A.B. asks: 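Have a look at the structure that comes next, please.
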Amino acid sequence: MAEIILKNVTKEYENGFQAVKNINLEIKDNEFVILVGPSGCGKSTTLRMIAGLEDISDGDLYLDGKRINDVSPQDRDIAMVFQNYALYPHMTVYQNIAYSLKIKKVPKDEIDKRVKDVAASLGLENLLDRRPGQLSGGQKQRVAMGRAIIRHPKAFLMDEPLSNLDAKLRGQMRVEIADLYRRLNTTFIYVTHDQTEAMTLGTKIVVMKDGEIMQIDNPTNLFNYPNNKFVAGFIGTPTMNFFEGEIEEKGDGLILKTRDGFIPLTAEKAAKVREGGWVGKKVTAGIRPEHVELSDQDSAAFRGEVSVFELLGSNAIIYTQCQDDRIIMNTDQTQYQEHGKEIFLKVKEAKLHLFDPETERTITN
Amino acid sequence: MNTRYSDNRALPVRILSILGKVLILGTASIFTAFPFIWMMVSALKTKADILNTEIFFPTVPQWSNITSIIFDSPIPRYIFNSAWVSAVIVALQIVSGAMLAYALVFLKFRTNKMLFAIVMATYMLPVAATYIPSYIILADWKMLDSFRGLIISSTVSIFGIFLLRQGFMQIPKGLVEAARMDGASHWRALWEVVCPMTKASFITFGLMNFISTYNNYMWPSLITKSSEYFLVSQGLRAFFIRDGAYGTEWALVMAASAVVVIPLLVLFAFTQKWFINGIGGETGIKG
């Protein structure tokens, strides 16, 4: 159980490259925090700085109120699960799990009891005598977790722990990690580039890009109220549709004029647009694929040809090639559309997001 | 062996190719092994047999040559000196070499690459060039003509540092990081995680340096003059020219040489598997 605070933390390498730029992050006790972002965004570096495996170039790192910038990893009482598991190949599963306790000089009987408890909770009882080379990916993953949880550390760090597993196993392990979090009741910091993992596991998600934090929020808010175009595009599958449009007056209200039609703005959105002085200006609009619908020609915002119809089971994805944009629609499986057919699309106005085309910051969600 | 399945050449060509290999390797083996075999058979000959070039094997094996070397000569004493001095030196070289190699591979510090370059540069230096400064240092420390001097002057092996570094580089850094996260100090990570995974490099290093220290002649003969501190090579030479009998007791000289080699052969027999692995660069790490 631990509270971790990063204050103006920067990581700069010898060649001058800044992997992490002046980030501030407060991780409360018992939170499950996810650091998510595309590769090279600095999420793993941030995690490694918390672990003590990377030096902090500038700023402060606090663990339970104590500055730990210069505390070596072995003294931080933080456990970590690595992407490639990093199991000791010359030790058995038992020895791998017991290693940290052996270092702490815990009595043998207690080590034995704790290893067996952990093994039982992770379904590893029959594998204790095996070496890592004889285990499958999922089993290695469990051993790596066992090695971390046996210590009762202040916090768990996980660096893309599921990325080496196949899709099915990944789903299964995701559930197990969520379950583990509930049982252990401690702080988790989890790095992933997979936004599904982020959305399903985290209580707090930190979206990063180019070494900077783009937004810190809970999964629902991130999805519904992104701070900027990057977050809007990164969170959600399939990704949000973006297109250009111009704000115009129409009657009492405002509309977003698109190439093939228009989208009326709700009163609430219109107020924000007016407030920001966007009337008559170009904006970037975003709409999630599940908020796009088939329509008739009169109320359509887009007109285009079906390029791909992807049946995913209960739902289907339709990719429509419009003149300038490609609009993705997430619909149910009954809406089959033939390749090349001309269709008209409209959007749910209340779900429209508008962004400043220059700064990419959100105008209204 | 795979050639049996993959070789599509005509049969005569294949036979010629195999014959060629056998011939080359056989000749090389004979040239390498012959002096050794000659020494071994000569150790069991009489002096007259040795000087008779027409007989290769002893007419009657003279086992007394061997027993007299073991029981009535100072050779066992020299073997003992060589063995324990070499063991201590190798142990120190392993500790110092492993620590430096670990730092070079797993620690991040500014002068890392430069340090390695400097270490390797000293390897390029002819050993003889270091004799005089080393001698002066030992003289200043009053360590000439002593086991201490022999040991202290050989505590670091550049070859060993290089060999271990290459071995350590095969280990994923994540393993050392995992050990650090598990609460291990660098010292523990080195001996409990890195060392067991690079056993072959350690054994190769230990064995090669043990043999070279055991057989070392030039440096020990420069700094020791009392026979109680002699290592085997020096001892053999002293035995060779004993009582002004230079070259007269060939059978005993051969027997002494044979006895001196036996500990190394035994050592090699036990560590051969690892030795070949270490030289071949395979560290025995499997995912």
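Order of the sequence lines fixes the chain letters, A, B, ..., with proteins taken first and strands second; residue numbering starts at 1 for each chain. Here the structure is a predicted model, which is why all the values come from computation and not from measurement.
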A.B. asks: What distance do A:Leu135 atom CG and A:Asn96 atom CG have between them, rounded to the nearest 0.5 Å?
C.D. replies: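 Spacing of CG (A:Leu135) from CG (A:Asn96) equals 9.0 Å.
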A.B. asks: Just verifying a value: how many Å separate B:Ile161 CD1 and B:Tyr123 OH, rounded to the nearest 0.5 Å?
C.D. replies: 10.5 Å
A.B. asks: Against chain B, label A:Arg147 side chain, backbone, both or neither, depending on which of its atoms sit under 4.5 Å from a heavy atom there.
C.D. replies: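 Both the backbone and the side chain of A:Arg147 come within 4.5 Å of chain B.
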A.B. asks: Could you tell me whether a side-chain N or O of A:Gln134 sits under 3.5 Å from a main-chain N or O of A:Arg131, the two making a donor and an acceptor?
C.D. replies: yes
A.B. asks: With a 4.5 angstrom heavy-atom cut-off, is it the side chain or the backbone of B:Lys108 that approaches chain A, or both, or neither?
C.D. replies: side chain
A.B. asks: At a heavy-atom separation under 4.5 Å, does A:Tyr88 approach chain B through its side chain, its backbone, both, or neither?
C.D. replies: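 For A:Tyr88, backbone and side chain are both near chain B.
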A.B. asks: If every non-hydrogen atom of A:Leu87 is compared with every non-hydrogen atom of A:Pro132, which pair is closest and at what distance?
C.D. replies: CB-CG, 3.8 Å
